[in-house]
Colleague: 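The structure that follows is given in the form of structure tokens.
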2 protein chains.
Amino acid sequence: MKDTAQETINKIYDSLTRAERQLAGVILENYPMSGMGSITRLAEKASVSTPTVARMVQKLGYSGFPEFQDTLRQEVEARFSNPIAKHESWAQSAPEAHILNRFTDAVMSNIRQTLANIDSEQFDLLTALLADEKRALYITGGRITHALSEYLHLHMQVIRARVRHIRGTSNAWPHDLLDMSEGDVVLIYDIRRYENSTLRLAEIAKERGAKIALITDQWQSPVSQYSDVSLKCRIEAPSAWDSTVSMMLLSETLIAAVQEARWDQTESRMHALEDMFDQTKIFRKFV
Amino acid sequence: MKDTAQETINKIYDSLTRAERQLAGVILENYPMSGMGSITRLAEKASVSTPTVARMVQKLGYSGFPEFQDTLRQEVEARFSNPIAKHESWAQSAPEAHILNRFTDAVMSNIRQTLANIDSEQFDLLTALLADEKRALYITGGRITHALSEYLHLHMQVIRARVRHIRGTSNAWPHDLLDMSEGDVVLIYDIRRYENSTLRLAEIAKERGAKIALITDQWQSPVSQYSDVSLKCRIEAPSAWDSTVSMMLLSETLIAAVQEARWDQTESRMHALEDMFDQTKIFRKFV
DNA sequence: CTACAAATGTAATCATAGTTTCAAAGTAAT
DNA sequence: ATTACTTTGAAACTATGATTACATTTGTAG
């Protein structure tokens, strides 16, 4: 493997001249960031002239300062992108290039980026809206996100009253909007291939005074122009389709957050639900 | 405290134009290293022109690209000398104990464990079964996993013919089994609070000579006694409910794998679908 | 469909960074 | 002390990066 700049410097340190050693000292001092500015700045920091710097990087084996700097940049990048988990293979039983590993790589990165860019205030605001039972809650999704919206709906129904699922994919949704009143919340999932009917729905809901919450991709659905709160998720994947894993994560986190926020009320609802399950014998008793 | 470039970008993201968002995406993608090269390189990576970059950094409040880059450099330097970054907090904008960070922690660990314990041969076997159009495919889920099963069904329908979704939650599923013949595949999602009807379904399908595939949790559904192939997922979460994110990940990976396996046939199906969408004007043209 | 405004890229211009030349200063050997 | 050689930085030069002006394209309202 190729040496890092650091190693090279140490290797040839003895053959360096006075000014060059001075410079080498500064570079190593807080390596590798010191070399990230311009050649002039580095020269000044080491109190030598720019030609001295230029000459030394050539001694180190680089064609010029830019190449030297590129090397440093790459080193920084390597250290950055996940000190530990850089190239761990997720499924050890499969080769690194197996779709299991490639896909998981992408998804992990999606999740990291989604979380890194999330605005926690928006999240908290949305949690508060969803937890407020005075506001009726409408949930809807598009073709791909329908499943997610249904999943959220299922859980929200357990947590609180007045939750409704709108099938955005049907054309019956205007009926659902009849009951909507000022201050109600409409939560919309919308990712690319943004659908026209979803946009219309948001528009109409907005007109009726509803709060619009949006969960969308990094390119943002046009619905965002009407939304009061929105969360952006990364959805890229090595596939012909996008990955909604990060949206699923956010949805579940929302469920957990809302649930936490109103545990008092939810607890009794859950018990009631359990009782009903018991009576209908849907589930196996203790496996 | 002064905002980081990252925060600033997110804050004004809404007011950005198409090309600028494209650029913002690239910057955030592997922030902050992407901004460390020259303006030209950054522009190329984002497929926009250099003026677009120059304009955006000004929108962000910097006097020009060099100042912007200086800021990034300082951020990198700060993170470098800061050893606390070890235990990474996913959403930096929220405290470590925020549900966003706690939940994500759990989910990341679920994914790691799920992948670590997966048997890639089982996965490949399942991929092959799903890719084989000679076998009709039936997909079903339980109360919680219904959404997942529907999601998989949606995609499988695009990829291949003869796919059917069985609503395990209704009591009409015996009807769906009438057409089932030897060698067909039944894919079942089943996680805890395993449902009786799901078990019955598996039993009957097995009797009719179907291959049973199972996606379940780490405690394993009783369906596994009938299954020919099964994948186990971790689903624990700091919540009153389980997290199905890892199942979603596996499902999407399966979709990608099957799709890859039969891309020749799938491609034309997807085009046909696109054409139909165009005709029905469901989607917005290029946002 | 037309007219206008906004967005974006091309190309010219300007600024700064990087390199090279060369002369001055330092150093060591005679 | 003189000469030959090495080191070094000032300054000229060159290349590349950043900015600006302007034309083209794209989208939108009338």
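Predicted model only: the values in this text are computed from it and were never measured. In what follows, chains are A, B, ... by sequence order, proteins preceding strands, each numbered from 1.
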Colleague: Between T50(A) and K59(A), name the one whose nearest nucleotide on DNA chain D is closer to the 5' end.
Modeller: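 It is K59(A), whose closest nucleotide lies nearer the 5' terminus.
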Colleague: Checking H98(B) against F123(A) for the ring pair (Phe, Tyr, Trp, His ring centres under 6.0 Å) test, could you report, in this order, the C-alpha distance in whole Å, the side-chain angles of both residues, the deciding distance, and whether it holds?
Modeller: CA-CA 11 Å; H98(B) 192 281; F123(A) 181 90; 5.7 Å; yes
Colleague: In whole Å, I'd like the distance from the CZ atom of R21(B) to the C1' atom of dA7(C).
Modeller: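 Answer to the nearest Å: 13 Å.
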Colleague: Without decimals, in angstroms, what is the distance between L42(A) CG and dA17(C) P?
Modeller: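 Those two atoms, CG and P, are 13 Å apart.
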Colleague: Can you tell me whether the side chain of R55(A) and the base of dG9(D) have a donor-acceptor pair closer than 3.5 Å?
Modeller: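 Check passes, donor-acceptor contact within cut-off.
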Colleague: Just the rounded figure in Å: distance from P of dT16(D) to CZ of F65(B).
Modeller: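 These atoms are roughly 17 Å apart.
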Colleague: Which nucleotide sits closest to the side chain of R18(A): dG9(C), dA17(C), dT8(D)?
Modeller: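 Nucleotide nearest to R18(A)'s side chain: dT8(D).
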Colleague: Using atom CG of L16(A) as one end and atom P of dT6(D) as the other, report the distance to the nearest whole Å.
Modeller: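 For the pair L16(A) CG and dT6(D) P, the rounded distance is 17 Å.
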Colleague: What distance do Q122(A) atom CD and S227(A) atom OG have between them, rounded to the nearest 0.5 Å?
Modeller: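 Result: 7.5 Å between the selected atoms.
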Colleague: Looking at L199(A), L201(A), V186(A), which one forms a side-chain contact (heavy atoms from CB on, under 4.5 Å) with Y226(A)?
Modeller: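 Answer to the side-chain contact (heavy atoms from CB on, under 4.5 Å) test with Y226(A) among L199(A), L201(A), V186(A): L199(A).
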Colleague: Can you sort out the partners of R269(B) under salt bridge (charged side-chain N to carboxylate O under 4.0 Å, His left out), two or more places apart, ordered by chain and number?
Modeller: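 By the salt bridge (charged side-chain N to carboxylate O under 4.0 Å, His left out) rule, R269(B) matches no residue at all.
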Colleague: Tell me which nucleotide among dA18(D), dT19(C), dG9(C) gets nearest to the side chain of S38(B).
Modeller: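 The answer is dA18(D), which lies nearest to the side chain.
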Colleague: Rounded to whole angstrom units, what separation is found between the CD1 atom of I39(B) and the P atom of dT20(D)?
Modeller: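 One finds 11 Å between P of dT20(D) and CD1 of I39(B), rounded.
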Colleague: When we call it a touch if two heavy atoms are under 4.0 Å apart, what does Q58(A) touch: a base, just sugar-phosphate, or nothing?
Modeller: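 Sugar-phosphate: the residue Q58(A), judged by heavy atoms under 4.0 Å, touches backbone atoms but no base.
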